[in-house]
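Quick one: the structure is below, questions incoming.
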There are 2 protein chains.
Amino acid sequence: MEQVKLSQSLEDYLEMVHMLRLANGIARVRDIAAALKVKMPSVAKAVIELKKLGLVTQEPYSGIELTSEGALVASQILNRHILLKSFLIKLGVSEAIADKDACCMEHILSAETLEKIEDFVNTPNESAKKPNAAKSKKK
Amino acid sequence: MEQVKLSQSLEDYLEMVHMLRLANGIARVRDIAAALKVKMPSVAKAVIELKKLGLVTQEPYSGIELTSEGALVASQILNRHILLKSFLIKLGVSEAIADKDACCMEHILSAETLEKIEDFVNTPNESAKKPNAAKSKKK
DNA sequence: TTCGTAGATTAGCCTTTACTAATTAGCCGA
DNA sequence: TCGGCTAATTAGTAAAGGCTAATCTACGAA
C-alpha cells in the first residue's frame with residue numbers, strides 16, 4: 001500500500017471526479033472545470049498527471065473514470081471533506097463557508113488532528129467536553 | 001486599511017520575522033531559513049517581495065525589520081496561529097502537531113470560521129455546547 | 001593589516017499550476 | 001452527407017516558490 005502523495009491541487013481534481021460521478025454518473029472535463037472554477041486545459045493537464053499516477057483512466061474525448069486505487073484515494077479525501085464540514089457546522093459555521101473551508105482543510109491536516117475532530121463530531125452535543133472523563137455513558 | 005493580500009508563503013515568512021524578533025530581538029536570514037526549513041536564497045527572495053509590499057525593511061547584510069504595517073499584519077497572523085493552536089489542543093491534539101497544523105490553517109480559514117473557533121476556545125470546558133443558547137455577548 | 005569563514009545575495013534553473021489561443025474530435029440537425 | 005457547434009486537447013506563456021552554484025560582504029583572529 002504505497003500511499004500516493006498528491007498535491008492539494010491534484011487531490012481537488014480527483015475528489016471532483018469522484019463527486020461528479022456520484023452526482024451525475026459521469027465526470028466530464030467541462031464540469032470539473034466549472035466546479036473548480038478553472039479552465040478546461042487546466043483540467044486536461046491534471047488528468048494527464050492523475051493518469052500517470054494510475055488513479056484515473058480516460059478514453060480520448062470522453063468522461064474520466066477512476067481506477068480502483070483512484071476510487072479509494074478519492075473516497076478518503078471525500079470522507080475528510082464530509083467530516084470537516086460537519087465539524088465546522090457543529091461549531092456554528094454556515095453551510096456555505098463550512099463547505100469552502102473544509103475544502104482547504106481536507107488537504108493539510110495531520111492524521112492526529114483528523115482523529116480528534118472525528119471524536120468531537122461523534123460526541124453528543126450535550127457533553128461535548130472532558131476528553132478524560134468522557135466515554136462513560138451518554139446521559 | 002487596504003488589507004494586503006499575501007500568499008501563504010509570504011505570510012509564513014512575515015510571521016517568522018515577527019516571531020524571531022520577539023524571541024531574539026533580531027530576524028536574520030539564516031534563522032528564518034532554519035526555522036522554515038528552506039534555504040537562504042528562498043528567504044532572500046521572499047524578503048524582496050515583502051519589501052516591495054512595504055511590510056519589512058532591511059539594511060543590506062543585516063537583520064530584517066518590520067514596518068508598522070508589517071508589524072500589524074504579522075501580529076494578526078501570529079494571533080491566528082495562537083488561537084488555532086489553543087483550539088487544537090483543546091480538542092486533544094498534541095502540542096507539536098497542534099503547532100504544525102495551526103501553521104497551515106492560519107492561512108486559509110475564513111473570518112467566519114475563525115470567529116466560531118474563537119467562541120469555542122473561549123467557552124468554558126464544561127458547557128462547550130449549545131451555540132444558540134450560549135452567549136449574548138456582542139463582540 | 002590581512003585572511004578565512006559564515007552569512008547574505010545574485011543568477012539561473014526547475015516544478016507546479018494556472019492561463020490564452022489554436023487545433024482536433026465527436027455529434028446533431030438540416 | 002455536410003456544416004457547425006461544443007467539448008477536449010495541444011502548444012506555448014507566466015507567476016510562484018523552491019533549489020544549487022557562484023559571488024559578495026563583514027568581521028574576528030592571527
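Numbered from 1 within each chain, the chains take letters A, B, ... in sequence-line order.
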Would you say a side-chain N or O of A:Y13 is under 4.0 Å from OP1 or OP2 of C:dA18? yes
Base, sugar-phosphate, or nothing: which does A:Q8 touch, judged by heavy atoms less than 4.0 Å apart? nothing
Can a donor-acceptor pair be found, under 3.5 Å and without considering hydrogens, that links the side chain of B:H107 to the backbone of B:C103? yes
Are A:V29 and A:L22 connected in a single hydrophobic cluster, I mean Ile/Leu/Val/Met/Phe/Trp/Tyr linked by side-chain heavy atoms less than 4.5 Å apart? yes
Whole angstrom is fine here: how far is it from NZ in B:K52 over to C1' in D:dG17? 13 Å
Regarding A:Q58, tell me which of base, sugar-phosphate or nothing describes its non-hydrogen contacts under 4.0 Å with the strands shown. sugar-phosphate
Salt bridge check, A:E11 against A:R80: does any charged N sit closer than 4.0 Å to a carboxylate O? yes
Selected nucleotide, minimal atom distance to A:S9 side chain, candidates C:dT17, C:dA8, D:dC19: C:dT17
Could you check how far OH of A:Y61 sits from P of D:dA8, rounded to whole Å? 10 Å
Considering every strand and a 4.0 Å limit on heavy-atom distances, what is the contact class for B:S42: base, sugar-phosphate, or nothing? base
What is the distance, rounded to the nearest whole Å, between atom CD1 of A:I48 and atom P of C:dT16? 14 Å
Is there a donor and acceptor pair closer than 3.5 Å between the side chain of A:K45 and the base of D:dG12? yes
Please state how far atom NE2 in B:H107 lies from atom P in D:dG17, giving the value in whole angstrom units. 11 Å
Would you mind telling me which residue lines up with the more 5' stretch of DNA chain C, A:E49 or B:P60, judged by nearest nucleotide? B:P60
Contact class for B:S62 vs. all strands (heavy atom < 4.0 Å): base, sugar-phosphate, or nothing? nothing
To the nearest Å, give me how far apart CG (A:L10) and C1' (C:dA18) are. 13 Å
Whole angstrom is fine here: how far is it from CZ in A:R30 over to P in C:dC27? 18 Å
Rounded to whole Å, please give me the gap between CG in B:L50 and C1' in C:dT9. 16 Å
Measure from CE on B:M40 to P on D:dT23 and round the result to the nearest Å. 16 Å
Among C:dT24, D:dG17, C:dC19, which nucleotide has an atom closest to any side-chain atom of A:P41? C:dC19
Under the side-chain contact (heavy atoms from CB on, under 4.5 Å) rule, what do B:Q58 and B:K51 come out as? Steps first, then yes or no, please. CA-CA 8 Å; B:Q58 182 196 27; B:K51 276 197 275 195; 3.3 Å; yes
Tell me if the CZ atom of A:R28 is crowded by more than 12 foreign heavy atoms within 6.0 Å. no
